[in-house]
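These numbers come from a predicted model, not from an experiment.
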Amino acid sequence: MIRILLAEDDRVMREYLTRALERSGYAVSAVDRGTAAVPLLETEHFDLLLTDIVMPEMDGIELAQRAGAIAPDLRVMFITGFAAVTLKAGNAVPQARVLSKPFHLRDLVLEVDRMFEMERVSGA
(Lines give C-alpha, C1' and ligand atoms only; values in the text may rest on other atoms or scores of the structure.)
Protein backbone atom coordinates (compact mmCIF):
# COMPACT_ATOMS: atom_id res chain seq x y z
CA MET A 1 0.00 0.00 0.00
CA ILE A 2 1.27 3.47 -0.89
CA ARG A 3 2.03 5.54 2.21
CA ILE A 4 1.53 9.30 2.30
CA LEU A 5 2.81 11.73 4.90
CA LEU A 6 0.49 14.75 4.97
CA ALA A 7 1.67 17.99 6.59
CA GLU A 8 -1.15 20.56 6.75
CA ASP A 9 -1.64 23.09 9.53
CA ASP A 10 -5.36 23.65 8.87
CA ARG A 11 -7.20 20.97 10.86
CA VAL A 12 -10.31 20.85 8.68
CA MET A 13 -8.28 20.65 5.46
CA ARG A 14 -6.04 17.99 6.99
CA GLU A 15 -9.05 15.85 7.94
CA TYR A 16 -10.70 16.24 4.51
CA LEU A 17 -7.51 15.34 2.66
CA THR A 18 -6.84 12.37 4.93
CA ARG A 19 -10.35 10.99 4.45
CA ALA A 20 -10.31 11.44 0.67
CA LEU A 21 -6.93 9.75 0.28
CA GLU A 22 -7.79 6.88 2.63
CA ARG A 23 -11.05 6.25 0.76
CA SER A 24 -8.95 5.99 -2.40
CA GLY A 25 -6.79 3.26 -0.91
CA TYR A 26 -3.80 5.19 0.42
CA ALA A 27 -2.35 4.90 3.92
CA VAL A 28 -2.08 8.41 5.38
CA SER A 29 -0.18 9.73 8.38
CA ALA A 30 -1.17 13.34 9.03
CA VAL A 31 0.63 15.99 11.07
CA ASP A 32 -0.15 19.63 11.73
CA ARG A 33 3.29 21.12 11.01
CA GLY A 34 6.57 20.40 9.31
CA THR A 35 8.50 19.97 12.54
CA ALA A 36 6.17 17.10 13.46
CA ALA A 37 6.78 15.43 10.09
CA VAL A 38 10.58 15.21 10.35
CA PRO A 39 10.69 12.54 13.11
CA LEU A 40 8.24 10.39 11.12
CA LEU A 41 10.40 10.72 8.01
CA GLU A 42 13.39 9.58 10.04
CA THR A 43 11.68 6.47 11.44
CA GLU A 44 9.11 5.37 8.84
CA HIS A 45 8.96 4.80 5.09
CA PHE A 46 6.68 7.01 2.99
CA ASP A 47 6.13 7.09 -0.76
CA LEU A 48 4.82 10.68 -0.91
CA LEU A 49 5.16 13.84 1.12
CA LEU A 50 2.03 15.93 0.60
CA THR A 51 2.63 19.27 2.26
CA ASP A 52 1.14 22.69 2.53
CA ILE A 53 3.77 25.31 1.78
CA VAL A 54 2.77 28.01 4.26
CA MET A 55 2.92 26.57 7.79
CA PRO A 56 4.25 27.80 11.13
CA GLU A 57 7.63 26.66 12.51
CA MET A 58 8.86 25.04 9.26
CA ASP A 59 7.36 25.75 5.85
CA GLY A 60 6.66 23.03 3.33
CA ILE A 61 9.63 23.93 1.14
CA GLU A 62 12.09 23.50 4.01
CA LEU A 63 10.29 20.30 4.99
CA ALA A 64 10.60 18.95 1.44
CA GLN A 65 14.31 19.78 1.37
CA ARG A 66 14.86 18.04 4.73
CA ALA A 67 12.78 15.09 3.53
CA GLY A 68 14.90 14.83 0.39
CA ALA A 69 18.03 14.55 2.51
CA ILE A 70 16.43 11.84 4.68
CA ALA A 71 14.66 9.89 1.92
CA PRO A 72 15.96 10.80 -1.56
CA ASP A 73 13.35 8.66 -3.37
CA LEU A 74 10.41 10.32 -1.62
CA ARG A 75 8.04 12.06 -4.02
CA VAL A 76 6.76 15.50 -3.09
CA MET A 77 3.55 17.36 -3.82
CA PHE A 78 2.94 20.86 -2.51
CA ILE A 79 -0.50 22.29 -1.88
CA THR A 80 -0.81 26.04 -1.58
CA GLY A 81 -3.26 28.89 -1.80
CA PHE A 82 -0.52 31.41 -2.54
CA ALA A 83 0.45 31.80 -6.20
CA ALA A 84 3.68 33.62 -5.37
CA VAL A 85 5.08 30.71 -3.36
CA THR A 86 4.33 28.25 -6.16
CA LEU A 87 7.26 29.60 -8.17
CA LYS A 88 9.54 29.49 -5.13
CA ALA A 89 8.54 25.85 -4.50
CA GLY A 90 9.23 24.90 -8.11
CA ASN A 91 12.69 26.42 -7.94
CA ALA A 92 13.53 24.88 -4.55
CA VAL A 93 12.25 21.37 -5.29
CA PRO A 94 12.05 21.14 -9.10
CA GLN A 95 10.79 17.53 -9.26
CA ALA A 96 7.83 18.31 -6.97
CA ARG A 97 4.28 18.79 -8.16
CA VAL A 98 2.26 21.79 -7.02
CA LEU A 99 -1.50 21.81 -6.59
CA SER A 100 -3.05 25.24 -6.05
CA LYS A 101 -5.92 25.83 -3.64
CA PRO A 102 -8.81 25.81 -4.03
CA PHE A 103 -8.99 22.37 -5.58
CA HIS A 104 -11.57 19.63 -5.55
CA LEU A 105 -10.65 16.55 -3.51
CA ARG A 106 -11.15 14.48 -6.66
CA ASP A 107 -8.41 16.54 -8.38
CA LEU A 108 -6.00 15.83 -5.53
CA VAL A 109 -6.68 12.10 -5.64
CA LEU A 110 -6.27 12.08 -9.44
CA GLU A 111 -2.90 13.85 -9.14
CA VAL A 112 -1.70 11.37 -6.51
CA ASP A 113 -2.99 8.47 -8.61
CA ARG A 114 -1.03 9.80 -11.60
CA MET A 115 2.15 9.98 -9.55
CA PHE A 116 1.91 6.27 -8.77
CA GLU A 117 0.30 5.00 -12.00
CA MET A 118 3.40 3.15 -13.22
CA GLU A 119 3.91 1.31 -9.93
CA ARG A 120 0.31 0.17 -9.93
CA VAL A 121 0.48 -0.99 -13.56
CA SER A 122 3.77 -2.82 -13.12
CA GLY A 123 2.90 -4.11 -9.66
CA ALA A 124 6.10 -2.65 -8.21
Side-chain angles (χ1 to χ4, degrees):
M1 180 179 280
I2 293 170
R3 299 195 64 221
I4 298 172
L5 177 57
L6 169 64
E8 167 62 67
D9 61 321
D10 181 281
R11 182 184 59 81
V12 173
M13 176 69 86
R14 188 172 59 250
E15 290 172 2
Y16 279 130
L17 296 176
T18 299
R19 264 197 307 266
L21 291 164
E22 286 177 342
R23 273 194 303 248
S24 297
Y26 296 103
V28 180
S29 296
V31 295
D32 63 354
R33 60 196 184 283
T35 52
V38 173
L40 292 177
L41 288 164
E42 292 173 337
T43 59
E44 298 180 40
H45 167 78
F46 294 95
D47 301 292
L48 172 65
L49 170 63
L50 178 60
T51 181
D52 192 2
I53 294 178
V54 179
M55 294 185 293
E57 296 180 21
M58 176 188 293
D59 70 24
I61 295 170
E62 183 182 350
L63 173 59
Q65 291 170 329
R66 294 271 301 272
I70 295 166
D73 293 334
L74 182 68
R75 295 175 192 196
V76 177
M77 182 185 296
F78 294 115
I79 47 178
T80 184
F82 299 92
V85 297
T86 300
L87 183 59
K88 181 180 172 192
N91 290 336
V93 187
Q95 73 280 14
R97 299 228 180 141
V98 180
L99 193 60
S100 296
K101 295 177 188 173
F103 55 82
H104 193 282
L105 290 176
R106 180 177 54 242
D107 296 329
L108 170 72
V109 171
L110 285 172
E111 268 305 302
V112 173
D113 286 348
R114 274 190 215 112
M115 291 181 88
F116 294 102
E117 230 166 45
M118 295 313 293
E119 282 90 342
R120 288 183 173 185
V121 169
S122 66

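- Distance check: I70 CD1 to L40 CG gives 10.0 Å after rounding to the nearest 0.5 Å.
- For the pair L48 and Y26, the minimum side-chain heavy-atom distance is 4.5 Å or more.
- Using a cut-off of 4.0 Å between Lys/Arg side-chain N and Asp/Glu carboxylate O, R114 and E117 are scored as not salt-bridged.
- In this structure, CD in E15 is found 4.5 Å from CZ in R11, a value given to the nearest 0.5 Å.
- A 4.5 Å side-chain heavy-atom check between M77 and L108 finds at least one atom pair inside the cut-off.
- A distance of 9.0 Å separates CZ of R75 from CG of D73, quoted to the nearest 0.5 Å.
- Within the 4.5 Å cutoff, no side-chain heavy atoms of F46 are placed close to those of I4.
- Annotation for R66: atom CZ does not count as buried by contact number, only 12 or fewer foreign heavy atoms lying within 6.0 Å.
- The closest side-chain heavy-atom distance from L50 to V28 is not below 4.5 Å.
- Under a 3.5 Å cut-off, the side chain of D52 and the backbone N or O of M55 do not form any donor-acceptor pair.
- A 6.0 Å sphere centred on CZ of F103 holds more than 12 heavy atoms belonging to other residues, nucleotides or ligands.
- To the nearest 0.5 angstrom, L6 atom CG is 6.0 Å from I79 atom CD1.
- Residues in residues 26-46 take part in these salt bridge (Lys or Arg N to Asp or Glu O under 4.0 Å) pairs, two or more places apart or across chains: R3-E44, R33-E57.
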